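Structure first, then comments.
Keep in mind the model is a prediction, meaning the values are calculated, not measured.
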Amino acid sequence: MEEGKMDENEWSYHGEGNKSLVVAHAQRCVVLRFLKFPPNKKKTSEEILQHLQNIVDFGKNVMKDFLGENYVHCGEVVQLPLEFVKQLCLKIQCERPESRCDKDLDTLSGYAMCLPNLTRLQTFPFAEHRPILCVEIKPKCGFIPFSNGVTHEMKHKVCRYCMHQHLKVATGKWKKISKYCPLDLYSGNKQRMHFALKSLLQEAQNNLRIFKNGELIYGCADARSPVADLKALAHHLKPFFFPSNGLASGPQCTRAVIRELVHVITRVLLSTSDKGRAGALRLGLQGARVCEASPFSRSLHHQGKNTPEHSGLPKGCLLYKTLQVQMLDQLDIEGLYPLYNRVEQYLEEFPEERKTLQIDGPYDEVFYQKLLDLSTEDDGTVAFALTKVQQYRVAMTAKDCSIMIALSPCLRGASSDQRPVIPSSRSRLAFSVSVLDLDLKPYESIPHQYKLDSKIVSYYSKTVHAKDDTVRSTRFKEHEDCTLVLHKV
């Protein structure tokens, strides 16, 4: 970023999360990511520089090796003119959701991350003059805990996402429970994947967003302002997925367009476009592959049908690689928490060792190599405990990442395209797949995760599962009474 050439009017508000805010350039396919802090918790310029550099290093030295060269875009740390940052902050303030304004954009250090704009195709540095659609999916955790350290039997049957839904609705985070279950999306079975994606479209929450030419057209800009009109979405999608039956409007047209979108996303998610390294992890999926709370599984059960065979994901596809990284959490938070306490106790005695243990970085090759130790035999050492803690942090990162799928109709007469192509009913679509939100989860968040896990399971067991038991018990008693009456007759 060259001094004197930065104009805040060339940048627009793109979105923000809990810890950072992103602005996008009007012409170039780049974004700037700034850190955010509560008003009373400012950090020094040196701390901010180190924080951003750690994010870049973690992506470059760890996640690129796990997920593949083509999927991970690390970006670089840049220093910006302070006047530009201040003017930019003033310009975008009115566009920020009110619920996010409890934290301020860092305007004092001048440091930010420059990254490619993942809502666009990842080939050209400048915006193309053809329509580009981008689907952002936050798939969440795709497996049920298989650790023997799990004390709640419910966790071996129902996935974390489905349990958490009930607590989120009870506390007012969302208005209704989503039918989406991550295990359906990660199953590799097209029928289950289609159901999962349709469920996300019906109740997007913060797990699905759709952009057209970089602008949000569907999903939640913020929890309080959902944009979720399937008819309006179908109108946006027609240039990409015009119905093969020729219908131009009406409910049938909407259904046909949405069906085509779901079909294309499924094909892209199962594609193996990354020609890079296959990934260093080889973790076999253990335990239940179907979540008992999934509406898909329940509907089949009510119809007297079995859940479709677990098809399995192609090993080169991004979902497979993401699931492998998630499964670095071999012990579940229940099994991990005592190991975290072991590390904490050691640090209380030897606080100067925190740097040697690489808890706050550097996230280099040495850090990466230690993650490959998949042994679960606890030898009582701090080294074993630390390895499991670091693996858990990386796994949690993979459980919370977003997959960005950019699609664009192939130009007529174009003999070759640098990107992979997928057929649709109307034309061929060039696509690129990327991963977003790959910041390593903080070491300090582990106690919070432990408490939250207990809260989620406890609420689900006391309300939903208890209600199911009551219904089953009532049915049994009715059946029993009926049998007695027949016996007497």
Just by modelled atom types, is the [Y] backbone N or O under 3.5 Å from a matching donor or acceptor in the [X] side chain?
| X | Y | answer |
| --- | --- | --- |
| Arg160 | His164 | no |
| His152 | Met154 | no |
| Glu334 | Thr151 | yes |
| Ser408 | Ile132 | no |
| Ser434 | Tyr71 | no |
| Ser454 | Lys451 | no |
| Glu136 | Ile403 | no |
| His156 | Pro145 | yes |
| Asp332 | Gly335 | no |
| Glu260 | Phe241 | no |

Task: side chain to side chain contact (heavy atoms under 4.5 Å, CB included) against Lys140, all qualifying residues, sequence neighbours excluded - done: Lys138, Tyr161, Pro182, Asn207, Asp400

Nearest non-hydrogen partners of [X] and [Y], listed with the distance:
| X | Y | value |
| --- | --- | --- |
| Arg120 | Gly214 | NH2-N, 4.2 Å |
| Val169 | Ile177 | CG2-CG1, 3.6 Å |
| Gly142 | Tyr186 | CA-CD1, 3.3 Å |
| Ser199 | Tyr180 | CB-N, 3.5 Å |

TODO: Output, in order, the C-alpha distance, side-chain angles, deciding distance and verdict of salt bridge (charged side-chain N to carboxylate O under 4.0 Å, His left out) for Lys19 and Asp437.
DONE: CA-CA 11 Å; Lys19 294 179 180 177; Asp437 297 335; over 6 Å; no

Does a sphere of radius 6.0 Å around [atom1] in [X] hold more than 12 heavy atoms from other residues, nucleotides or ligands, not counting ones at 6.0 Å or beyond?
| X | atom1 | answer |
| --- | --- | --- |
| Asn148 | CG | no |
| Glu215 | CD | no |
| Lys399 | NZ | yes |
| Lys60 | NZ | no |
| His235 | NE2 | no |

Open item on the list: Would you compute the distance between atom CE of Met193 and atom CG of Leu185 and round it to the nearest 0.5 angstrom?
Closed with: 5.0 Å

[Y]/[X] salt bridge by N-O under 4.0 Å criterion:
| X | Y | result |
| --- | --- | --- |
| Asp104 | Lys36 | no |
| Glu203 | Lys175 | no |
| Asp453 | Lys155 | yes |
| Lys64 | Glu69 | yes |

Is there a donor in the side chain of [X] and an acceptor in the side chain of [Y], or the other way round, less than 3.5 Å apart?
| X | Y | result |
| --- | --- | --- |
| Gln324 | Lys321 | no |
| Arg393 | Gln390 | yes |
| Gln165 | Ser178 | no |

Are side-chain heavy atoms of [X] and [Y] found at a separation under 4.5 Å?
| X | Y | result |
| --- | --- | --- |
| Ile137 | Leu197 | yes |
| Ser297 | Glu292 | no |
| Val158 | Tyr460 | yes |

Open item on the list: Let's go through Tyr368 and Phe66 carefully: what are the C-alpha distance in whole Å and the side-chain angles of both, what is the deciding distance for ring pair (Phe, Tyr, Trp, His ring centres under 6.0 Å) to 0.1 Å, and is it a yes or a no?
Closed with: CA-CA 10 Å; Tyr368 168 74; Phe66 280 149; 5.2 Å; yes

Open item on the list: Can you list everything that forms a ring pair (Phe, Tyr, Trp, His ring centres under 6.0 Å) with Tyr337? Sequence neighbours excluded, please.
Closed with: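 With sequence neighbours excluded, Tyr337 shows a ring pair (Phe, Tyr, Trp, His ring centres under 6.0 Å) to Tyr340, Tyr450, given in chain and number order.
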
